[in-house]
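These numbers were taken from a predicted model, which means no experiment stands behind them. Hydrogens, waters and symmetry mates play no part in the numbers below; they use all other heavy atoms, side chains included.
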Amino acid sequence: MNLNKWFKISALLTTSAVLLAACGNSSSETASKDYGLKDIKFPLKDKVTLKFMTTSSTLAPKDPNKKLIFKRLEQETGVHIDWTNYQSDFAEKRNLDISSGDVPDAIHNDGASDVELMKWAEQGVIVPVEDLIDEHMPNLKKILDENPQYRALITAPDGHIYSFPWIEELGEGKESIHSVNDMAWINKKWLDELGLDMPKTTDELVKVLEAFKTKDPNRNGKADEIPLSFINSAGNEDFKVLFGSFGTGDNDEHVVVGNDGKVDFTADNDDYKEGIKFMRSLYEKGLIDSEAFEQDWNTYTSKGNDQKYGVYFTWDKNNVTGSNEDYQVLPVLEGPDGEKNVTRTNNVGFQRDRMVITSVNKNLELTAKWIDAQYEPIQSVQNNWGTYGDTKQQNIFEFNKETNSLKHLPLDGTAPTELRQKTEVGGPLAILDSYYGDVTTMPDDAKWRLDLLQANYVPYMKNDEIYPKVFMEEKDLDKIAQVEADMMDYVTRKRSEWITNGGIDDEWDSYLKELEKYGLKDYMKLKQKYYDEFKKNQE
């Protein structure tokens, strides 16, 4: 392991230990005083203040209390929140505050990894909350009682619950909206302009991209078309969805579960190698965006807004090329061996890292009941997407007083991600499939995307299972984190080098040996162990 990575991990694992010594110095200033409140009912007769840390988009107000959602929540509860809000470099700033003892009552949108949660718990940085849930949080308790899988997912190996989850159900199994993140979009307008059919195979895609490059499909007399573009990193804008045409395929974690129950590391498979060689052939032909390996989101969307892409990748095309019909979903392509496969992500609408209560908090019942208010169905819906009745900017919803329900309004061309980041607050919440049609409508963009997935991708998803969000024991979390810190960077770096410089055949054996040096064998043993235990517990 290189020294820089080692120091990062060491800092991560020791930050909470430093807190214990530092808390005594300044926690009295960063946490609220003890109000002595018991048997609390909202709204409070006398307003009180709790101190929270959070993070939000740079598109949102610096002060979260300027968001209409929090303004209403303060009126409904009588609780004012004194926010410390970091809109950039949150994890670093959060950990610096913790290490210096500047600890608030709770951390909202905490984004803690499992390693951090367990270390914070071990060192007494955060408190277990299962008793608070049972005694003071009827909204969340009802959700967990009726959906025991979520209680299991937030329960640590030591039997305690340390954090409050975010739950967003949008379809189940293969038909979940999270099954594929990096959808491929092709410029149908260019196809029609050049009289080309929609490509059905990887070979046909190459011919289409070559035509996009050489035949001036935008008819401006300039060679400014970009046949294929992406953002070279794990996430929605990566090109990995194409690798399914060569076999098992790939996802962000490089981990899939076969229908035989075996956990497979994808980035050492022969078909992964073939996928890279295919991308290398595109690069050699000049069909890949010259900026693809270093561009950021802003650069990517700027070119997308100018309609310069032949094929590109993203969650929702409206965020990149706009709400027009020029771009359509690229069909799942048949590979050289007749393979058509869509590799599922390991994503579900669940995260266990959306809020923690710290050990300096003197108002546990009050804090628990404020958090539980976020799990009120109509509150959760707004926290997740945005709100209604805002006279200063576009609204996500229309509120029906008679039915006490929220109806999604048309986006009218606004990028859904941008509007959401301006208005939502995130944090702990739950939106169940049963809410749609009762508490709220399904977002138009979500329904549209689910329909596209069903029509184009779901029929070619061969794997019945995904790797679950298991909660590992601390020693195993540490081992996983140590292996991933270097190995995943190495995998990403070699992928880029092989696409831009070639040489994968000559270097493949040494690459496999290097993966073993990083600890791949032990890594996969742990992955298999926890998968088997998870499946056993489901029986």
Q.
Please determine whether salt bridge (charged side-chain N to carboxylate O under 4.0 Å, His left out) holds for the pair Glu130 and Arg151, giving the CA-CA distance in whole Å, both sets of side-chain angles, and the decisive distance to 0.1 Å.
A. CA-CA 10 Å; Glu130 63 272 8; Arg151 186 181 290 273; over 6 Å; no
Q: Determine, step by step, whether Tyr467 and Asn463 satisfy the side chain to side chain donor-acceptor pair (under 3.5 Å) criterion, reporting the C-alpha distance in whole Å, the side-chain angles of both residues, the deciding distance to 0.1 Å, and the verdict.
A: CA-CA 11 Å; Tyr467 196 84; Asn463 291 35; over 6 Å; no
**Q.** side chain to side chain donor-acceptor pair (under 3.5 Å) between Asn181 and Thr345, worked out
**A.** CA-CA 7 Å; Asn181 55 356; Thr345 72; 5.9 Å; no
(Q) Could you go through Leu50 and Thr367, starting from their C-alpha distance and side-chain angles, then the distance that decides it, and tell me whether this counts as side chain to side chain contact (heavy atoms under 4.5 Å, CB included)? (A) CA-CA 8 Å; Leu50 291 174; Thr367 304; 3.7 Å; yes
Q. Please walk me through it: do Asn319 and Thr417 pass side chain to side chain donor-acceptor pair (under 3.5 Å)?
A. CA-CA 7 Å; Asn319 295 319; Thr417 298; 2.9 Å; yes
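Pairs of residues two or more places apart, or lying in two chains, that qualify as side chain to side chain donor-acceptor pair (under 3.5 Å) and include a residue from residues 426-442 are His408-Thr441. Within the structure, the salt bridge (charged side-chain N to carboxylate O under 4.0 Å, His left out) test picks out the following pairs touching residues 56-79 (sequence neighbours left out): Lys47-Glu74. The salt bridge (charged side-chain N to carboxylate O under 4.0 Å, His left out) pairs that include a residue from residues 451-460 are Lys447-Asp451, where partners are two or more places apart or lie in different chains.
With rounding to the nearest 0.5 angstrom, the NZ atom of Lys188 is 13.0 Å from the CG atom of Asn324. Separating the CE atom in Met198 from the CG atom in Leu205 is a distance of 11.0 Å, to the nearest 0.5 Å. To the nearest 0.5 angstrom, His136 atom NE2 is 11.5 Å from Ile133 atom CD1.
Looking at Arg449, its side chain does come within 3.5 Å of a backbone N or O of Ile177 through a donor-acceptor pair. When atom types are taken as modelled, the side chain of Lys189 and the backbone of Glu325 share no donor-acceptor pair closer than 3.5 angstrom. Of the possible polar contacts, none joining the Tyr457 side chain to the Thr343 backbone as a donor-acceptor pair under 3.5 Å is found. Between the Asp89 side chain and the Glu92 main chain, no donor and acceptor come within less than 3.5 Å of each other. In terms of modelled atom types and a separation under 3.5 Å, the side chain of Asn305 and the main chain of Thr301 share a donor-acceptor contact. Between the side chain of Arg352 and the backbone N or O of Tyr162, no donor-acceptor pair lies under 3.5 Å. Without hydrogens or angle criteria, Thr321 side chain to Gln307 main chain gives no donor-acceptor distance under 3.5 Å. With hydrogens and angles ignored, the 3.5 Å screen pairs no side-chain donor or acceptor of Ser302 with any backbone N or O of Asn298. Gln351 contributes no side-chain N or O that, together with a main-chain N or O of Ile167, makes up a donor-acceptor pair within less than 3.5 Å. With hydrogens and angles disregarded, a donor-acceptor distance shorter than 3.5 Å links the side chain of Ser179 to the backbone of Gly173.
When all heavy atoms of Trp120 and Ala112 are compared, the closest pair comes out as CZ3-CB, 3.6 Å. The nearest pair of heavy atoms linking Leu59 to Glu418 is CD1-CG, 3.9 Å. The minimum heavy-atom distance between Phe313 and Ala184, with the atom names listed, is CE2-CB, 3.6 Å. Of all heavy-atom pairs spanning Ser163 and Val129, the tightest one is N-CG2, 4.4 Å. The two atoms that bring Val255 and Thr266 nearest to each other are N-OG1, 4.3 Å, heavy atoms only. Gln295 and Ala292 make their closest contact through NE2-CA, 3.6 Å (heavy atoms, listed as atom of the first residue, atom of the second, distance).
Exactly one of Asn251, Asp250, Asp252 qualifies for a side chain to side chain donor-acceptor pair (under 3.5 Å) with His254. That residue is Asp250. Of the candidates Asp289, Ile186, Leu228, Asp289 is the only one forming a side-chain contact (heavy atoms from CB on, under 4.5 Å) with Tyr309.
Considering only heavy atoms from C-beta on, Gln382 stays 4.5 Å or farther from Gln374 through its side chain. Residues Phe164 and Ile357 have side chains in contact (heavy-atom distance under 4.5 Å, counting atoms from C-beta outward). Under the 4.5 Å side-chain criterion, counting only non-hydrogen atoms from C-beta, Asp97 is not in contact with Val103. When side chains are defined from C-beta on, Trp185 does not count as touching Leu330, because their heavy atoms never get closer than 4.5 Å. When side chains are defined from C-beta on, Asn318 does not count as touching Thr414, because their heavy atoms never get closer than 4.5 Å. Between Leu411 and Asp444, every side-chain heavy-atom pair lies at or beyond the 4.5 Å cut-off. The closest side-chain heavy-atom distance from Leu44 to Thr77 is not below 4.5 Å. Under the 4.5 Å side-chain criterion, counting only non-hydrogen atoms from C-beta, Thr155 is not in contact with Phe471.
For the pair Lys141 and Glu135, the salt-bridge criterion is not met [side-chain N within less than 4.0 Å of a carboxylate O]. A salt bridge between Lys362 and Asp105 is absent, with no side-chain N of the basic residue lying under 4.0 Å from a carboxylate O of the acidic one. One finds a salt bridge joining Asp464 and Lys174 here, because a Lys/Arg side-chain nitrogen approaches an Asp/Glu carboxylate oxygen to under 4.0 Å. Taking the charged nitrogens against the carboxylate oxygens, Glu253 and Lys527 have no contact shorter than 4.0 Å, which rules out a salt bridge. Residues Lys119 and Glu122 are paired through a salt bridge, judged by an N-O separation under 4.0 Å between the basic side chain and the carboxylate. Looking at Glu465 and Arg344, no side-chain N of the basic residue comes within less than 4.0 Å of a carboxylate O on the acidic one, giving no salt bridge.
Less than 6.0 angstrom separates the ring centroid of Phe52 from the ring centroid of Trp370.
Counting heavy-atom neighbours within 6.0 Å of Glu172 CD, excluding the residue itself, gives a total of 12 or less.
In this view, Asp445 satisfies the salt bridge (charged side-chain N to carboxylate O under 4.0 Å, His left out) rule with no residue, not counting sequence neighbours. Residues satisfying the side-chain contact (heavy atoms from CB on, under 4.5 Å) test with Pro468, not counting sequence neighbours, are Val470, Tyr531, Phe534.
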What pairs of donor and acceptor atoms, side-chain ones from residues 231-239 against any protein atom, are under 3.5 angstrom apart with sequence neighbours left out?
| residue | atom | partner | partner atom | Å |
| --- | --- | --- | --- | --- |
| Asn232 | OD1 | Arg495 | NH2 | 2.7 |
| Asn232 | ND2 | Ser496 | OG | 2.7 |
| Glu237 | OE2 | Thr314 | OG1 | 2.6 |
| Asp238 | OD1 | Arg495 | NH2 | 2.7 |
| Asp238 | OD2 | Lys240 | N | 3.2 |
| Asp238 | OD2 | Arg495 | NH1 | 3.1 |

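Cation-pi check for Lys369 over Phe42 is not met; the charged atom does not lie both under 6.0 angstrom from the ring centroid and within 45 degrees of its normal.
Counting only N and O atoms by type, the side chains of Asp353 and Trp166 include no donor and acceptor under 3.5 Å apart. Defined by atom type and a distance below 3.5 Å, a donor-acceptor pair is present between the side-chain atoms of Glu168 and Asn384.
Between Phe70 and Trp83, the two ring planes are tilted [angle within 30° to 60°].
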